[in-house]
Structure formats: structure tokens, C-alpha cells
Number of protein chains: 2
Amino acid sequence: MQFSKSTDYALHALAYLAHLNSSEPTGIKQLADVLNVSETYLSKIMTNLRKDGLVNAVPGAKGGYELAREASRISFLDVILALEGRQHLFECSNTTSKQHNMLVQETPASECRIKRVMDSAETQFYEYLSNQSIQSVISQ
Amino acid sequence: MQFSKSTDYALHALAYLAHLNSSEPTGIKQLADVLNVSETYLSKIMTNLRKDGLVNAVPGAKGGYELAREASRISFLDVILALEGRQHLFECSNTTSKQHNMLVQETPASECRIKRVMDSAETQFYEYLSNQSIQSVISQ
DNA sequence: GTTATTACAGACTCGTTATATCTATAATTA
DNA sequence: TAATTATAGATATAACGAGTCTGTAATAAC
Ligand code: SF4
Ligand code: SF4
């Protein structure tokens with residue numbers, strides 16, 4: 001289990017935009033050059049960020065990308081969810097097995113303790129990442 | 001980013017062994033039946049657990065698997081590391097980019113704040129999972 | 001309006017990993 | 001010796017990640 005490279009690039013791109021703090025949008029060309037990634041590939045990543053409302057995209061000449069809100073209000077979790085999607089880290093696969101029936105029977109709620117532990121771990125993980133902003137990684 | 005099915009099965013298998021609490025080893029046939037997975041596939045997973053010292057494997061007639069230590073001393077993290085491996089959740093991909101030079105320059109240690117945030121999240125995540133034992137998911 | 005610039009969508013390629021099966025082998029008990 | 005059981009290795013398949021290419025739409029400058 002690992003974060004995808006896309007998530008890595010997205011974090012770097014946002015950190016760069018936050019660092020620049022420019023009033024003009026920044027083009028994919030400049031962004032790709034700074035991150036050392038191809039323009040077309042990075043553009044897909046930026047589109048994901050746009051779809052989740054983290055950046056604004058300005059088409060046309062002098063266009064590019066800019067943060068949709070202050071860097072202090074964009075969290076690591078926002079970025080990760082935009083790129084990795086919103087499935088849970090742990091998904092029940094065999095909800096028809098004898099084992100499942102056994103473990104679920106033991107609990108009042110319809111959720112066994114295995115799932116509860118894994119989901120709690122995820123919640124705590126995300127909680128931490130939601131408190132880390134892009135602003136916090138650039139120099140003050 | 002998601003845990004693999006192998007990790008899922010491994011957790012279930014260990015929970016079952018802990019539940020049985022038998023003095024005799026449990027065969028792959030019984031285990032696969034309870035988990036509703038093929039024997040050969042599950043056997044590969046059990047071998048991973050054995051290689052990490054979480055279970056003992058007894059070959060030959062009347063053989064099978066048994067917990068290598070008390071269930072209270074086998075953590076979720078142990079299982080996850082055995083199945084998912086030990087790479088970090090976040091790996092720097094572009095350590096030659098201009099962005100990297102910029103961010104590393106700002107910090108005294110040779111590690112930028114992006115990496116530090118991600119590694120801290122991982123550490124905390126693992127910390128939590130290392131405190132959850134297999135024993136804790138079965139009925140007392 | 002025309003042209004240059006830029007983001008965007010979609011198809012596509014390629015390599016790797018996850019999932020799963022099959023078979024032959026080695027170890028152990030009966 | 002025979003039956004049972006785990007293990008290693010080869011193999012198959014599907015899914016996913018990473019990355020490229022191309023044509024299209026939107027905007028600004030001229
Ligand atoms: S609810 Fe628990 S036992 Fe059932 S499939 Fe999910 S993790 Fe497994
Ligand atoms: S050290 Fe920081 S800037 Fe450099 S590659 Fe790793 S995460 Fe990116």
C-alpha cells in the first residue's frame with residue numbers, strides 16, 4: 001500500500017503555487033518544468049484538483065492555475081482525497097463467509113471489530129492529515 | 001490507496017485461529033472453508049505470516065497452522081507489515097527537481113516539510129495499529 | 001474577426017502488481 | 001509404506017498506475 005505518484009505531484013504543485021503566491025495564474029509549462037514532470041501528465045493531475053475545487057483553471061492565453069482558496073485552508077487530506085479517491089482503506093470482501101457471520105453475531109451493531117479497528121485507524125489518519133495545511137510546508 | 005485482499009484474509013485467518021484457541025494446528029482446508037477462499041491462495045497468505053513469525057506451520061498429516069504467540073501479542077500492524085511489506089506510504093519521486101532543491105534548502109535537515117508531514121502521518125497510523133491486537137477483536 | 005495560447009477530454013500504450021490457479025515436491029504422521 | 005499436509009514455483013488473468021498523444025474548446029492579444 002502506497003500513495004500514488006499523482007498524489008506526490010499534486011502536493012508539490014500546490015506547494016509551489018502557495019510559495020509563488022502570485023496574482024496571475026501559473027501555466028502548466030512552468031509548473032511542469034519546476035516539478036520535472038511532463039506537461040500532459042501533470043495537466044491531468046491539475047484537472048483532478050480543479051474538480052475537487054482546490055484550484056481554479058483559467059483557459060486561454062495567459063491562463064493557467066491558481067489556488068482556489070488560501071493555502072492555509074487547503075489540507076493534505078483534501079489533496080489526497082482528490083487524487084486517491086474516497087474508497088475506504090479497508091473493504092470487507094467476504095461478507096458471506098462463515099467467519100463473517102460468526103464475528104458479526106458477536107456484536108450488537110452490524111459491524112465486526114476487525115472492521116471497526118481498521119476504520120478507526122483510517123479516521124485517525126485522515127484526521128491528522130486534515131490538520132496539516134499546504135501553507136505549513138512553505139517558509140514563513 | 002487500499003489494503004490488499006490478502007491483508008484482509010490474513011486478519012480474518014488469525015482472528016479465527018485466536019477464536020478457536022485450539023492446541024492442535026488447524027489445517028488449510030478448514031481455514032479456507034471458514035473464510036470462503038481457495039486453499040492454495042490462502043496457503044500463500046499463511047506462508048507470508050509464517051515468514052514473519054506470526055504463525056507456526058506444521059507439515060504432514062494432522063498438520064496445519066497455529067499462532068506463534070498469544071493473540072494479545074499479535075498486532076494489526078504485525079499483520080499489515082507481513083502482507084503489505086515495509087515500504088513507506090510516501091516516497092519521494094523527484095529528488096532532482098527544482099521544487100525539491102527549493103524546499104530542501106529551506107530546512108536545516110535534509111528533509112522537506114512535505115515529507116515530514118507524510119511520514120508523521122504514517123508513524124501515527126502505524127502506532128495506532130500496533131496497539132490493536134488480534135485478541136481484541138474476538139469475544140471475551 | 002483572426003490568431004496564438006492554454007486547459008481539457010478521451011483514447012491509447014506499456015509495465016507492474018494483485019488475484020488466483022495448478023502442479024510437483026518435501027515433510028510428517030499413521 | 002501410504003496418506004496427509006504445507007511449500008515453492010510456474011503460470012494465467014485482470015486491474016491499475018504511469019505516461020503519451022491528439023484533437024477540441026475557451027480565452028486573450030492583435
Ligand atoms: S464485517 Fe468483519 S468479518 Fe465481516 S467481512 Fe467485514 S471485516 Fe470481515
Ligand atoms: S524531499 Fe520534499 S520536495 Fe524533495 S522530493 Fe521529497 S517530498 Fe518532494
Side-chain angles (χ1 to χ4, degrees), chain A residues 1-10 12-13 17 22 24-33 35-68 80 82-85 87 89-91 93-94, chain B residues 1-10 12-13 17 22 24-33 35-68 80 82-87 89-94:
Chain A
M1 189 176 61
Q2 257 192 226
F3 286 108
S4 69
K5 292 198 173 189
S6 298
T7 297
D8 182 307
Y9 295 142
H12 285 73
L17 290 180
S22 162
E24 307 282 302
T26 305
I28 193 73
K29 194 163 282 186
Q30 180 181 349
L31 223 39
D33 175 63
L35 299 195
N36 196 31
V37 194
S38 86
E39 299 176 25
T40 49
Y41 183 39
L42 183 57
S43 112
K44 276 205 178 322
I45 294 168
M46 297 309 291
T47 299
N48 279 331
L49 293 178
R50 190 215 56 187
K51 284 178 178 167
D52 265 40
L54 305 187
V55 299
N56 296 325
V58 183
K62 289 279 179 182
Y65 300 93
E66 60 192 8
L67 298 183
I80 288 166
L83 272 295
E84 305 279 339
Q87 348 79 354
L89 295 187
F90 178 85
E91 303 237 326
S93 32
N94 269 350
Chain B
M1 191 174 63
Q2 257 192 222
F3 286 107
S4 69
K5 291 196 174 190
S6 297
T7 297
D8 182 306
Y9 296 142
H12 285 72
L17 290 181
S22 162
E24 307 282 301
T26 305
I28 194 71
K29 194 163 281 186
Q30 180 181 351
L31 222 40
D33 176 63
L35 299 194
N36 196 30
V37 193
S38 85
E39 300 176 25
T40 48
Y41 183 39
L42 184 57
S43 102
K44 278 206 174 329
I45 294 168
M46 297 309 291
T47 299
N48 278 331
L49 293 178
R50 191 215 56 187
K51 284 179 178 166
D52 265 41
L54 305 186
V55 299
N56 296 325
V58 183
K62 289 280 180 181
Y65 301 94
E66 58 192 8
L67 297 184
I80 289 166
L83 272 296
E84 305 279 338
R86 273 143 174 105
Q87 347 80 357
L89 295 188
F90 179 85
E91 302 238 326
C92 292
S93 31
N94 269 350

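To find a chain, count down the sequence lines: A is the first, B the second, and so on, and within it residues start at 1.
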Could you report the tightest heavy-atom contact between [X] and [Y], atom names first, then the distance?
X     : Y     : answer
B:E66 : B:V58 : OE2-CG2, 4.4 Å
A:G53 : A:A68 : O-CB, 3.4 Å
B:S93 : A:D8  : OG-OD2, 3.1 Å
A:A10 : A:I45 : CB-CG2, 3.8 Å

What is the distance from [atom1] of [X] to [atom2] of [N], rounded to the nearest Å?
X     : N      : atom1 : atom2 : result
B:E39 : D:dT4  : CD    : P     : 13 Å
B:K29 : D:dA6  : NZ    : P     : 9 Å
B:L49 : D:dT7  : CG    : C1'   : 14 Å
A:R50 : D:dA26 : CZ    : C1'   : 12 Å
A:Y65 : C:dT5  : OH    : P     : 17 Å
B:Q30 : D:dA6  : CD    : P     : 11 Å
B:F3  : C:dA18 : CZ    : P     : 13 Å
A:L42 : D:dA18 : CG    : C1'   : 13 Å

I need the single residue from B:L89, B:T7, B:N48 that forms a side chain to side chain contact (heavy atoms under 4.5 Å, CB included) with B:E84. Which is it?
B:T7

Need one value for [X]: base, sugar-phosphate or nothing, where a base atom within 4.0 Å counts as base even if backbone is also close, heavy atoms only.
X     : answer
B:G63 : sugar-phosphate
B:T40 : base
B:K44 : base
A:V37 : nothing
B:S43 : base

Comparing nearest nucleotides in DNA chain D, the 5'-proximal residue of the pair A:A61, A:Y9 is A:Y9

Closest-nucleotide mapping onto DNA chain D: is A:S4 or A:K62 further toward the 5' terminus? I mean the 5' end.
A:S4

Taking 4.0 Å as the cut-off, does a side-chain nitrogen or oxygen of B:Y41 come that near to OP1 or OP2 on D:dT7?
no

Are any of B:T47's side-chain N or O atoms less than 4.0 Å away from OP1 or OP2 of D:dT7?
yes

Of the listed C:dT19, D:dA18, D:dT27, the closest approach to the A:S6 side chain comes from D:dA18

